[in-house]
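Heads up: the structure comes next, in structure tokens.
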Amino acid sequence: AAVARALGPSVVQVETDRGQGSGVVYADGLILTNHHVIQNAQSIVIALHDDRRIEAKLIGSDPSTDLAVLKIELSNLPNIQMGNSANVSVGDKILAIGNPFGIGQTVTAGIISAKGRNSIGLNTYENFLQTDAAINPGNSGGALVNLRGELIGISSAIYSSTGGSQGIGFATPIDDALDVMSDIIKHGEVVRGYLGMDAQKIT
């Protein structure tokens, strides 16, 4: 079973018997999180900051980008303000919100260290924002926001030799995440075309 506890008006904590993570309330009861946070969960219960609890429906997920969309049927839901990840620049100050190690709502600060990180080996399709804000196990699916409080990314992974934060965290840009969410809402999955071939760099 998966249980989400409130981290604030728009960010929820997600717990499963496989681990812990976070999620972001988008709009109309939609919640955006990581695929690996809810993977194999038999039930998902969302607990909001005002102590309301309700079972969530899994609309769909995309393992190739490690994103998932949940839905809850409640009124007067908060939702986070959307930013534009295309306007993010290296050096911009940002905040990461999540539930590291299950200790409760935590906000960490940092900068955008790099854009367009790929070939990391985490997902099939990669276009990560890299940040030095502390992102630890439990932050997955949480919000990466700019200093105006606008959502610019979904915290997804860390690069670490110890299992904890070493200043190299990765987030899916919100522009990419919203494209994936749109497909999941329309089709229940992301529909992609492919050529039936592999490509590799010429040495």
Side-chain angles (χ1 to χ4, degrees), residues 14 19 21-24 26 31-39 59-69 80 82-98 100 108-147 150-203:
V14 180
S22 306
V24 178
Y26 172 59
I31 296 173
L32 186 58
T33 187
N34 283 140
H35 166 76
H36 75 262
V37 170
I38 53 83
Q39 186 177 11
I59 301 300
S61 65
D62 182 43
S64 295
T65 55
D66 193 23
L67 292 169
V69 180
I80 199 161
M82 290 295 112
N84 187 336
S85 52
N87 294 335
V88 173
S89 298
V90 173
D92 284 355
K93 294 181 179 180
I94 54 85
L95 303 172
I97 307 172
T108 55
I111 64 169
I112 296 295
S113 305
K115 295 179 65 177
R117 286 292 193 214
N118 53 31
S119 302
I120 305 297
L122 299 172
N123 299 337
T124 303
Y125 301 101
E126 298 180 338
N127 178 35
F128 290 118
L129 298 173
Q130 182 182 326
T131 179
D132 66 347
I135 295 176
N136 288 289
N139 278 97
S140 294
L144 197 72
V145 302
N146 59 26
L147 296 188
E150 298 167 338
L151 184 66
I152 59 168
I154 300 296
S155 299
S156 299
I158 56 175
Y159 195 87
S160 174
S161 60
T162 64
S165 175
Q166 292 185 285
I168 303 177
F170 301 103
T172 301
I174 192 56
D175 295 357
D176 294 355
L178 290 179
D179 286 342
V180 170
M181 174 183 270
S182 177
D183 255 18
I184 289 175
I185 292 170
K186 290 179 182 177
H187 309 292
E189 61 182 356
V190 178
V191 180
R192 298 183 177 94
Y194 61 94
L195 296 176
M197 56 180 283
D198 288 327
Q200 66 183 38
K201 295 180 180 179
I202 299 176
T203 63

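In this structure, the side chains of Tyr159 and Gln166 stay at 4.5 Å or more apart for every pair of heavy atoms. By the 4.5 Å heavy-atom criterion applied to side chains, Thr108 and Pro100 are not counted as neighbours. Taking the side chain as every heavy atom from C-beta outward, Ile31 and Val69 never approach each other to under 4.5 Å. Between Leu151 and Leu144, the closest side-chain pair of non-hydrogen atoms is not below 4.5 Å. Side-chain contact between Leu129 and Arg117: absent, with no pair of heavy atoms (C-beta onward) separated by less than 4.5 Å. Looking only at side-chain heavy atoms (C-beta outward), Leu95 and Leu147 come within less than 4.5 Å of each other. Side-chain contact between Asn34 and Gln39 is absent, with no heavy-atom pair separated by less than 4.5 Å. By the 4.5 Å heavy-atom criterion applied to side chains, Glu189 and Ser61 are not counted as neighbours.
Under the 3.5 Å distance criterion, with hydrogens and angles disregarded, no donor-acceptor pair is assigned to the side chains of Asn123 and Thr65. Using modelled atom types and a 3.5 Å distance limit, the side chains of Ser113 and Thr131 yield no donor-acceptor pair. Checking Asp66 against His36 by side-chain atom types alone, a donor-acceptor pair falls below 3.5 Å. Checking Ser182 against Asp179 by side-chain atom types alone, no donor-acceptor pair falls below 3.5 Å.
Side chain of Ser85 to backbone of Asp175: a donor-acceptor contact under 3.5 angstrom is found. Judged purely by atom type and a 3.5 angstrom limit, Asp62 has no side-chain atom pairing as donor or acceptor with the backbone of Leu67. No donor-acceptor distance shorter than 3.5 angstrom exists from the side chain of Glu150 to the backbone of Asn84, with no hydrogens or angles considered. Proximity of a side-chain donor or acceptor of Ser22 to a complementary backbone N or O of Gly142 within less than 3.5 Å is not detected. Although no hydrogens or angles enter the test, the distance criterion places no donor-acceptor pair under 3.5 Å between the side chain of Asp183 and the main chain of Val180. Asn118 places no side-chain N or O within 3.5 Å of a backbone atom of Asn127 that could act as its donor or acceptor partner.
Just one of Thr172, Ile184, Ile154 meets the side chain to side chain contact (heavy atoms under 4.5 Å, CB included) condition when paired with Leu32; it is Ile154. Tested against Ile152 for a side chain to side chain contact (heavy atoms under 4.5 Å, CB included), the candidates Ile94, Val145, Asn87 yield a single pass: Ile94.
A tilted orientation is assigned to the rings of Phe128 and Phe170, their planes being inclined by 30° to 60°.
Of all heavy-atom pairs between Ile174 and Gly83, the closest is CG2-O, 3.8 Å. Minimum heavy-atom separation, Ile59 to Ile185: CG2-CA, 4.2 Å.
Atom CD of residue Glu126 and atom OG of residue Ser156 lie 10.0 Å apart, to the nearest 0.5 angstrom. Distance CE/Met82 to OH/Tyr26: 6.0 Å, rounded to 0.5 Å.
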Practice task
Under the side chain to side chain contact (heavy atoms under 4.5 Å, CB included) rule, what do Thr33 and Val24 come out as? Steps first, then yes or no, please.
Solution key: CA-CA 6 Å; Thr33 187; Val24 178; over 6 Å; no
Practice task
Test Lys115 against Asp92 for salt bridge (Lys or Arg N to Asp or Glu O under 4.0 Å), laying out the working first.
Solution key: CA-CA 11 Å; Lys115 295 179 65 177; Asp92 284 355; over 6 Å; no
